[in-house]
Q: 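One structure follows; several queries about it will come next.
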Amino acid sequence: MDSRTGKKIRLGRVLDPRTGRAVVVAASHGVMSGPPAGLATRAEIDAVFGQLDAADGVMVTPGMLPLVEDFFVGRGRPALVLHLDWKNHGRKIYTPGADGRGEGVLAQLASLEEVAAAGVDAVMTYLYIGQRDTALERAEIERNARIVRDAARVGVAVIIEPRSALEPEGGAALSTDVLSLYCRISADIGADLVKVVWNGSVEAFSPVAQTCFAPILVAGGPGGEDPASTLRLAADSVAAGAAGVMFGRRVFRAEHPAEVLAGLRAVTHDGVPPERALARH
Ligand SMILES: O=C(CO)COP(=O)(O)O
C-alpha cells in the first residue's frame, strides 16, 4: 500500500464529480450562537434532518453526531461534514471592543484522528483574519495550516471559511478585493474548498472565483422565508463561478426544507433557472 489517503474519495462525496458542484446544508449554528431558531430542540433537529436527504452534504457539530448519525448511514447518503471549531464572534453574549470589533477567537473541538474515525468526509473551519492583536492573527493562520496538515494525513477534506473582525456591521457586502484576499489566502493555506459570504452581484463575485483556485461554496446568511431569493442566490453563485452553496438558515428555516433543497439541486447541478426550479416543486 502506498501512502494514499482517502481524501479524493471523501472530497468526491461532497463535491459531486459528475458536475463539480455541491449543495451542502449547514446545521451547526448552535455551537456559535446557542439554540438556533429552527434547530433549537431535539424534535426540530429530527424534523429538519427528515427533509435533508437530497443534500450533497450536511454539516453538524461533534455533539450532534450521536443524535443524527443514522441519517448518514447507507448507500447514497449525504456526506458528513463536521464543524470543527467554536468561535466567540457571533455569540449573543459576546461584547465587542469599544470600536465594535470582535476578535474572532477560536477553539478546535476534535482532533483529525477522531474526526476520521467518526467517518467524517470533510471538516469546516473558520479562518479569522484582521484582528487588532497580530499574535491572535498569526495563531489563526497557524491553526488552519495545522488543520490542513492533520487532515491531509488522515484523508479528510478541509473547507475553510475566511472571516474578519473588520466585516461591516449589518451584513453590508464586502468588497471584491477583500473577498478575493480572503479566498486566496484560504486556498493558499491548502483548503480543498473555500466557503465564503456573497458580496452582492455576479459582477462583484466573479473576480473572487476567478482568482481562487479552490472551488468556492457560497454561504447563505439569514433568510428562509423566501425560497425564490434562496434559489436566485444559488443561481447567481454558480453564474459567478462558485462550485455551489453551503446554506444553513435558508434551508432549515424554510417552511418546506426538502422543496428548497430540491430547487437548489436543480439550479446548482442541472442549471435550471430559479423560477422554473421553484415551479417544478
Ligand atoms: O455554514 C454556515 C454557518 O457556519 C452557513 O449558515 P447560514 O447559511 O445560515 O449563514
Side-chain angles (χ1 to χ4, degrees), residues 14-15 22-40 44-45 48-49 51-52 55-64 68 78-92 102 104 106-109 120-128 144 147 157-164 167-168 170-174 179 182-183 186 191-200 215-227 229-234 236-237 242-254 257 260-261 263-264 267-268:
V14 181
L15 203 62
V23 175
V24 178
V25 177
S28 56
H29 297 52
V31 72
M32 300 169 288
S33 61
L39 281 176
E44 284 175 337
I45 292 172
V48 167
F49 273 75
Q51 300 210 35
L52 301 184
D56 292 304
V58 177
M59 181 163 74
V60 301
T61 59
M64 286 171 76
V68 297
L80 172 52
V81 181
L82 191 80
H83 192 145
L84 193 61
D85 42 40
W86 168 90
K87 71 176 168 86
N88 66 344
H89 198 196
R91 190 163 52 127
K92 284 187 197 118
L106 293 97
Q108 187 174 327
L109 301 174
V120 169
D121 295 301
V123 291
M124 192 215 97
T125 168
Y126 288 105
L127 170 68
Y128 260 84
N144 273 266
I147 288 169
V158 178
I159 306 168
I160 293 181
E161 178 170 357
R163 302 296 303 248
S164 171
E167 285 178 17
L174 289 161
L179 273 199
Y182 274 12
C183 291
S186 304
D192 298 293
L193 292 166
V194 175
K195 171 173 172 254
V196 80
V197 292
W198 180 245
N199 65 345
I216 293 180
L217 301 179
V218 170
E225 327 57 41
D226 179 14
S229 82
T230 295
L231 268 51
R232 167 53 56 197
L233 179 55
D236 286 350
S237 300
V245 296
M246 191 154 171
F247 288 172
R249 290 163 284 180
R250 288 176 174 276
V251 176
F252 68 73
R253 287 193 190 152
V260 173
L261 207 42
L264 285 173
V267 166
T268 305

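As the structure lists them, so they are numbered: ligands from 1, and atoms in each ligand from 1. None of the values given here were measured: they were computed from a predicted structure.
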Q: Can you check whether Gly220 has an N/O within less than 3.5 Å of an N/O in ligand 1?
A: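 Between Gly220 and ligand 1 (N or O atoms, distance only) the closest approach is under 3.5 Å.
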
Q: Indicate yes or no: at least one non-hydrogen side-chain atom of Leu15 is less than 4.5 angstrom from one of Pro215.
A: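 When only atoms from C-beta onward are counted, Pro215 and Leu15 do touch, with a gap below 4.5 Å.
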
Q: Report the distance from atom CZ of Phe252 to atom CD of Gln51, rounding to the nearest 0.5 Å.
A: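 So the gap between those two atoms works out to 13.0 Å.
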
Q: Could you tell me if the side chain of Leu179 sits less than 4.5 Å from the side chain of Trp198, heavy atoms only?
A: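 Side-chain contact under 4.5 Å: no.
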
Q: Quick one: does Arg250 get within less than 4.0 Å of ligand 1, heavy atoms only?
A: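 So Arg250 does not count as touching ligand 1.
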
Q: As an exercise, state the distance from CZ of Arg163 to NZ of Lys195, rounded to the nearest 0.5 Å.
A: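 Reported to 0.5 Å precision, the distance equals 7.5 Å.
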
Q: If I take atom CD1 from residue Ile159 and atom CG from residue Asp192, how far apart are they, to the nearest 0.5 angstrom?
A: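 Atom-to-atom, Ile159:CD1 and Asp192:CG are 8.5 Å apart.
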
Q: Identify, by atom number and element, the atoms of ligand 1 in contact range of Phe247, meaning under 4.0 Å from any of its heavy atoms.
A: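 Reading through ligand 1 atom by atom, the close ones are 8 (O).
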
Q: Could you tell me which atoms of ligand 1, counted from 1 in the order shown, lie closer than 4.0 angstrom to a heavy atom of Arg249?
A: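 Near Arg249, the atoms of ligand 1 are 7 (P), 8 (O), 9 (O), 10 (O).
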
Q: Nearest protein heavy atom to atom 6 (O) of ligand 1, by residue and atom, and its distance?
A: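 Protein heavy atom with the smallest distance to atom 6 (O) of ligand 1: His29 NE2, 3.0 Å.
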
Q: Tell me the protein heavy atom at minimum distance from atom 5 (C) of ligand 1, and give that distance in Å.
A: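 For atom 5 (C) of ligand 1, the nearest protein heavy atom comes out as Lys195 NZ, 3.6 Å.
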
Q: Between Ile160, Ile216, Leu217, Leu174, which is the residue that forms a side-chain contact (heavy atoms from CB on, under 4.5 Å) with Val196?
A: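 Exactly one pass, corresponding to Ile216.
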
Q: Contact between Ser28 and Val60 at the side-chain level, heavy atoms closer than 4.5 Å - yes or no?
A: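 They are not in contact (no side-chain heavy atoms under 4.5 Å apart), so the answer is no.
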
Q: Does Tyr126 come within less than 4.0 angstrom of ligand 1, counting non-hydrogen atoms of the residue?
A: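 Yes.
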
Q: Is it the case that ligand 1 has an N or O less than 3.5 angstrom from some N or O of Gly221?
A: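 Such a contact does occur with ligand 1.
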
Q: Please check whether His83 reaches ligand 1 - meaning an N/O of the residue sits under 3.5 Å from an N/O of the ligand, judged on distance alone.
A: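 Checking ligand 1 against His83, no N or O pair falls under 3.5 Å apart.
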
Q: With heavy atoms of Met59 as the reference, note each atom of ligand 1 found under 4.0 Å away.
A: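 Ligand 1 atoms under the 4.0 Å threshold to Met59: 1 (O), 4 (O).
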
Q: Using a 4.0 Å cut-off to any heavy atom of Ala26, which atoms of ligand 1 qualify?
A: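 Selected atoms, number and element: 1 (O), 2 (C), 5 (C).
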
Q: Which residue and non-hydrogen atom of the protein lie closest to atom 8 (O) of ligand 1, and at what distance in Å?
A: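 Protein heavy atom at minimum distance: Gly248 N, 2.7 Å.
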
Q: CD/Gln108 to CG/Leu84 distance, rounded to the nearest 0.5 angstrom?
A: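 CG of Leu84 is found 4.5 Å from CD of Gln108.
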
